[in-house]
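Input: a single structure, listed below in structure tokens.
FYI, side chains are in, hydrogens and waters are out, and symmetry mates aren't considered; it's all heavy atoms of this structure.
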Amino acid sequence: MPNENNNKVILKIIGAAVGVFILVYLAITIIGPDERSLDGVVKDINVNTVSHPMGHVDVSPDRKNSLSEDLPDISKYPPQVDSSTPTYIEIFSSTEKAGSGADGWLTEVARDFNDAGIMIDGKQVSVRLRGIPSGEAADYITSGKYLPDAYTPSNELWGELIISRGVKAELVEERLAGNVAGVLLTKSKKDELVNKHGAVNTRTITDAVANKELAMGYTNPFASSTGLNFLISTLYTFDSSNLLSDKAKAGFEGFQANIPVVAYTTLQMRESAKSGALDGFVLEYQTYVNTPDIGYYEFTPFGFRHDSPMYAIGELSAEERKILDEFVEFSQQEKYQNLATEYGFNGFDEYQSETGPVSGDVIIQAQKLWKEKKKPICAVFVADVSGSMMGEPLNNLKDSLLKGQYYIGEDNMIGLISYSNDVNIDLPIARFDLNQRASFVGAVNDLQAVGGTATFDGIAVAMKMIEDQRAVDPDLRPVLFVLSDGETNEGHSLSDIEDIVEDLGIPIYTIGYNANLPALQAISSINEAASINADNDDVVYRLGNLFNAEM
């Protein structure tokens, strides 16, 4: 009898287990996917596929990839220090020295210069100083949209670049204040590379990245001085005699294939590193010493020095040249060099550039090579067409996309959806060749605003499109671009999809039009993407730089 009772117990347990299995099976096959999964979210969304006529694409060489076409008015960058006399010169300066606080060294020099009552040929003189990122300042100068009298970028690469584009620029001073670019690595990763390669330098970094031993990030070399330095230095390691040789190109292609992040901004790159996605990234020393929260990274200098050279731009009069020379000499006084040191400059004075001189023509070709050799991405643009976008916000959104698409390379996979109460698939994902580009333009032109705002429904459908495409080609790098006013009043919430976004690791860049910016920044921050305020008049230029960095 005891055995019979035991058998009955065992049969009951087996029966219960079978019952549970049947219930789980029915839940999966009949009830449907887990509501917390991407499929579970998307199944509740009303999705429509909409066709549109093709639009017109300007294929002229002058239009394609010409960021200078979309530069904002110079008033976007009001002077950090304005002139105080009728006789003055205007200087464009990189922002690490023409800002405020620790980034305001040249700002303070310029103010003191203007207050010093300096006389030249019987006239009191002064300077006007504008802080503009080196790459953007180069675009103003080469386009002729706005010409200063002098230009002090972070390094000489920008000077060579503008000269090669036909600008008359004379190097007046090689160094206003010392600085270097560097690779930041955690101590454990640096020790690992030293143990394996004997040292940490640009060559060991590139080898480690190519061998998948190091997850490295750097900034867009079309906009960032450090990013441009890293690009040129990397090519130099593969063939120092010819940066554009087949050997250099092949080496760079292998290296670039294993780069997980080319960041739109230094902040975005830092956040990626802090999240654990990166073992290392590039940064200027002056920024490094003024950023306490990254002190656990160790700094190793690389490439060209960043000594803030000064160039005279165009045909300066004798009087203008005297003012410039006087200003340079003023900045070299012991008082101001001590101030520069206090603000983080003049470190690593013993460091000598690893690479030799590089012409501007080679720099331009290197930028083009970089854009060609980036790993293709799979991107979906998610456009808010709710009633709150009616009028100027939607018009600005369309303008952003229609102009911004010229900066997207044809090897990328691109799709477009729009959303209000429901979600429309306006353009299924496909390679961004001329036909897909024309279809994209036609779909954007057709967008009309009406209804509520189901932002997270739109994001969920876009992620599903990307995941379906990656099932076909797993090597594609996923990205979403959400263009919205940030107000969600329909469909799913951020909490419904936040874990899904994080698990998939898809960066979501947000562009806000008359927007609730904190709401959009919350979306972008999930996977360390950037958020752009489109209400500024430079949104197309910003998107161009963003698309250059990503696509």
| query | Got a donor-acceptor contact below 3.5 angstrom from the T204 side chain to the A199 backbone? | reply | yes
| request: Tell me yes or no: between the side chains of S94 and K97, is some donor less than 3.5 Å from an acceptor? | output: yes
| query | Is there a donor-acceptor contact under 3.5 Å from the side chain of E160 to the main chain of I363? | reply | no
| task | State whether the side chain of T206 and the backbone N or O of R203 hold a donor-acceptor pair below 3.5 Å, judged by distance alone. | result | yes
| note | Across all chains, not counting sequence neighbours, the salt bridge (charged side-chain N to carboxylate O under 4.0 Å, His left out) partners of E298 are K190
| field | Donor-acceptor side-chain pairing of R175 and N346 below 3.5 angstrom | value | yes
| Would you call P309 and E173 a side-chain contact if the rule is heavy atoms closer than 4.5 Å? | no
| Between Q405 and R437, a side-chain donor and acceptor under 3.5 Å | yes
| said: Show the nearest heavy-atom pair for residues P133 and T95, with the distance to one decimal. | reply: N-CG2, 3.7 Å
| Quick one: salt bridge (charged side-chain N to carboxylate O under 4.0 Å, His left out) partners of E174, sequence neighbours excluded? | none
| Going by heavy atoms in the side chains, are Q337 and Q332 under 4.5 Å from each other? | yes
| Any residue meeting ring-ring contact (aromatic ring centres under 6.0 Å, His included) with Y513, in chain and number order, not counting sequence neighbours | none
| E467/K464 salt bridge by N-O under 4.0 Å criterion | no
| request: Please work out which of the three classes, parallel, tilted or perpendicular, describes the rings of F481 and Y509, given edges at 30° and 60°. | output: parallel
